Structure formats: structure tokens, C-alpha cells
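Throughout, a chain's letter reflects where its sequence line sits, starting with A, and its residues are numbered from 1. In this text the structure is predicted, and so the values were computed from the model without any measurement.
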Amino acid sequence: GENVEQHPSTLSVQEGDSAVIKCTYSDSASNYFPWYKQELGKGPQLIIDIRSNVGEKKDQRIAVTLNKTAKHFSLHITETQPEDSAVYFCADPSGGYQKVTFGIGTKLQVIP
Amino acid sequence: EAGVTQSPTHLIKTRGQQATLRCSPISGHTSVYWYQQALGLGLQFLLWYDEGEERNRGNFPPRFSGRQFPNYSSELNVNALELEDSALYLCASSRRTANEKLFFGSGTQLSVL
């Protein structure tokens with residue numbers, strides 16, 4: 001969990017379009033992959049997570065996919081809405097002794 | 001159920017002073033984490049406390065310290081404040097048995113002038 005690369009750093013989409021954010025991790029022992037959403041003036045909130053024994057998980061308009069071979073996991077938001085505008089962080093909690101490592105964050109802007 | 005609460009919401013200090021930030025975890029959570037979120041730099045891990053003990057710390061100087069009280073609330077102290085300490089300080093808590101899922105407070109915005 002020492003290194004999590006996240007991209008893009010910023011993303012603008014038209015309302016109704018899809019958005020995809022990708023993270024790459026380095027530790028092959030990583031087995032839990034959460035995504036957090038941070039709205040302005042608030043702390044990050046867990047929105048979806050996935051464990052390494054599954055390849056995809058969906059919750060209404062959001063989904064997370066995991067490719068263990070390539071060591072990356074992605075957040076997919078479909079039918080984006082203005083309230084989806086926020087900063088999204090991926091995280092890798094496998095850094096030993098609970099040193100959760102976060103990606104740099106992606107600022108998503110949904111244009112009405 | 002009340003979420004993670006942090007106080008104060010804003011704190012203004014001058015260089016060289018000390019700052020004390022406080023955090024109350026969700027009821028039933030025994031682990032408390034502190035993160036620094038400086039502008040444009042993402043979330044940097046500071047400290048992890050569990051059952052009153054410091055379990056791990058990130059790459060920060062010793063002037064960043066803290067403690068966890070018997071009721072699992074926590075305090076972050078920053079001594080000899082420097083201008084670059086200006087940031088949002090976030091506290092998170094988790095259950096002992098499901099400590100991958102972090103629940104964050106809204107943070108304390110520290111400004112060092």
C-alpha cells in the first residue's frame with residue numbers, strides 16, 4: 001500500500017455522460033479497494049468498495065472494477081448528475097499497520 | 001448515530017505557536033486516524049491510534065504528536081507551527097474488527113500566519 005497512482009487529476013463531463021477514474025496499486029498483497037467522495041467543506045465519505053475475490057461491484061449508478069493482473073481498479077459513474085461533482089479518492093489500506101494510502105484525488109465536474 | 005466530530009472547525013495561529021485539534025470517533029469505534037490535506041497534495045497519513053496507543057505514524061516530524069483518551073477521543077498537537085502546516089486536518093475512525101473502512105469528520109482548517 002505504499003504507492004497508489006490515480007488519474008486523471010481533473011475530469012469534466014456533461015450531465016448524463018459517464019465518468020471513469022482509475023487507480024493503480026503496487027502491492028500485490030492488496031485485497032481491499034475503497035473509493036471515497038469528498039464534497040466541498042466535508043471530509044471524504046466511503047461510496048463503494050471491492051474485495052479482491054470479485055471483479056466488479058455495482059451500487060445504482062456507481063460501480064468499481066478490479067483487474068488484479070494489471071493491479072488497477074476503476075470507479076465508474078454512469079448518468080452523471082451535478083451532485084456527483086466532487087473530489088474522488090481511491091485508497092489502498094494494505095500499507096501495514098493501517099497506514100491507508102490514498103491516491104492524489106480526481107476533481108470531477110459535471111456540467112449541467 | 002452521530003458521525004465523527006472535530007473541533008474547532010477553523011483555527012488561526014501564528015508561526016511558532018502550538019495548535020491542538022480534537023476528534024470524537026463514532027460510538028463503538030476504537031481506532032482514530034489523523035490525515036493532513038494540504039492544498040493540491042491529497043491525503044497524507046499522520047497518525048493512527050487504537051486502544052489508547054499510537055500504532056503507526058506517517059512521515060511527519062516529531063512536532064506532530066497526539067494521544068487517544070480512554071473514551072477513544074483523540075487530540076492532535078502541532079508544536080512550533082510553520083507556514084507549511086496550513087492545511088485541512090481530517091480525523092477518521094473505524095471499528096477494531098473492520099478497520100479498512102474509514103469514517104471521516106469534516107476536518108479542522110488550520111491557518112498559520
Side-chain angles (χ1 to χ4, degrees), chain A residues 1-10 21-25 27 29-54 57 59 64 66 73 86-108, chain B residues 1-7 9-10 21 23-26 29-51 53-60 68 74 87-109:
Chain A
E2 293 295 330
N3 191 18
V4 180
E5 295 182 4
Q6 180 176 348
H7 60 90
S9 56
T10 60
I21 304 168
K22 182 176 175 180
C23 276
T24 304
Y25 60 95
D27 188 349
S30 299
N31 58 13
Y32 173 70
F33 307 93
W35 283 95
Y36 290 82
K37 175 184 181 183
Q38 186 176 23
E39 296 176 285
L40 199 62
K42 298 182 180 180
Q45 302 298 313
L46 179 70
I47 55 171
I48 195 167
D49 54 13
I50 193 170
R51 295 195 179 273
S52 59
N53 57 346
V54 296
K57 182 178 178 180
D59 183 4
V64 55
L66 173 64
F73 58 110
V87 179
Y88 292 82
F89 293 94
C90 61
D92 181 359
S94 64
Y97 302 102
Q98 304 313 311
K99 187 177 177 180
V100 178
T101 303
F102 284 85
I104 196 68
T106 297
K107 185 174 182 180
L108 173 64
Chain B
E1 179 184 86
V4 176
T5 58
Q6 292 187 244
S7 64
T9 53
H10 294 84
L21 288 63
C23 172
S24 292
I26 291 173
H29 287 190
T30 62
S31 283
V32 170
Y33 309 78
W34 288 95
Y35 283 84
Q36 183 194 65
Q37 188 174 30
L39 202 59
L41 291 181
L43 294 160
Q44 304 297 316
F45 170 75
L46 262 167
L47 290 158
W48 169 44
Y49 291 95
D50 184 71
E51 298 285 354
E53 300 285 332
E54 180 181 306
R55 303 296 184 179
N56 199 8
R57 67 179 293 131
N59 296 324
F60 282 85
Q68 186 178 32
S74 178
L88 180 68
Y89 289 83
L90 291 161
C91 171
S93 72
S94 72
R95 297 181 199 276
R96 187 76 169 97
T97 56
N99 47 17
E100 301 142 325
K101 299 189 179 188
L102 302 183
F103 295 82
F104 284 86
S106 294
T108 293
Q109 183 67 53

Which answer fits A/Pro34, side chain, backbone, both or neither, if we ask what part of it has an atom under 4.5 Å from a heavy atom of chain B?
neither

Can you tell which part of A/Gln38 gets under 4.5 Å to a heavy atom of chain B, answering side chain, backbone, both or neither?
side chain

Which heavy atom of [X] sits nearest to which heavy atom of [Y], and what is that distance?
{"X": "B/Leu90", "Y": "A/Gly43", "answer": "CD2-CA, 3.9 Å"}
{"X": "B/Leu102", "Y": "A/Tyr36", "answer": "N-OH, 3.1 Å"}
{"X": "B/Ser106", "Y": "A/Gly41", "answer": "CB-O, 4.1 Å"}
{"X": "A/Gln45", "Y": "B/Phe104", "answer": "NE2-O, 3.5 Å"}

Heavy-atom proximity to chain A below 4.5 Å, by part of [X]:
{"X": "B/Leu43", "result": "both"}
{"X": "B/Leu88", "result": "side chain"}
{"X": "B/Gln6", "result": "neither"}

State the CZ-CD distance between A/Phe89 and B/Gln37, to the nearest 0.5 angstrom.
4.5 Å

